[in-house]
Amino acid sequence: ERERERESTRGVSTMASNGGDGGDILSDKTVQSMRIARVFHDNKARVNSLDFFRDGKTLITSSDDESMHLYNCESGELMQTIL
C-alpha cells in the first residue's frame, strides 16, 4: 500500500511528519483530500514560512513584518508573539 502511494506522487513535494523520524512524500490523492482546519489572523504581513513542532501540537509562523507566532494547533490559541 505504501509503495503504491509513493509511486503515485507524480512530483508532489509536500512533506508530512511520520512520528518525528523523517518525512514521507504525500500522494496527489492525499493532498487533494486535505481541508482547512484552522485560520489564524495574527500576522500583519504575508506569511513567508511555517512549520509544525514534531509533536504536531504547535505551529510556528513567520511573516514579512519580521514577527513570529506560536500557536496551539488543538485549541487555535496564540501562545506567543516574537517581534
Side-chain angles (χ1 to χ4, degrees):
E1 173 69 23
R2 187 169 213 168
E3 192 60 34
R4 279 187 301 185
E5 188 166 318
R6 286 182 189 275
E7 290 174 3
S8 69
T9 60
R10 291 190 305 261
V12 174
S13 61
T14 305
M15 300 299 284
S17 171
N18 63 1
D21 57 353
D24 291 328
I25 296 178
L26 302 176
S27 70
D28 287 344
K29 181 179 178 182
T30 300
V31 172
Q32 291 169 0
S33 72
M34 292 180 176
R35 300 291 177 255
I36 296 171
R38 294 208 182 271
V39 177
F40 302 104
H41 298 280
D42 300 293
N43 292 92
K44 303 299 181 215
R46 182 179 64 95
V47 172
N48 55 40
S49 183
L50 62 87
D51 201 2
F52 291 91
F53 282 56
R54 287 187 177 186
D55 66 6
K57 296 178 182 179
T58 306
L59 170 70
I60 186 166
T61 65
S62 66
S63 65
D64 287 345
D65 66 3
E66 299 184 9
S67 67
M68 295 188 297
H69 294 83
L70 289 168
Y71 295 96
N72 177 309
C73 293
E74 293 173 341
S75 69
E77 173 190 5
L78 174 63
M79 297 169 24
Q80 185 174 2
T81 299
I82 304 163
L83 300 174

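For reference, positions follow the sequence shown, starting with 1. None of these values were measured; they are calculated from a predicted model.
In plain terms, the two heavy atoms of Ser63 and Ala45 that are nearest each other are CB-O, 3.6 Å. Contact detail for Leu83 and Ser67: the closest heavy-atom pair is CD2-CB, 3.6 Å. Of all non-hydrogen atoms in Ile82 and Gln80, the two that sit nearest each other are CG1-NE2, 4.1 Å.
No chain of hydrophobic side-chain contacts below 4.5 Å, direct or via other Ile, Leu, Val, Met, Phe, Trp or Tyr residues, connects Met68 to Leu78. Residues Ile60 and Tyr71 do not share a hydrophobic cluster, defined by chaining ILVMFWY side chains whose heavy atoms lie under 4.5 Å apart.
Here the CZ-CD distance, from Arg38 to Glu77, works out to 10.5 Å after rounding to the nearest 0.5 Å. Atoms CG and CD, on Leu59 and Glu74 in that order, are 12.5 Å from each other to the nearest 0.5 Å. Atom CG of Asp42 and atom CZ of Phe40 lie 8.5 Å apart (nearest 0.5 Å).
Between the side chains of Thr61 and Asn43, at least one donor-acceptor pair of N or O atoms lies under 3.5 Å.
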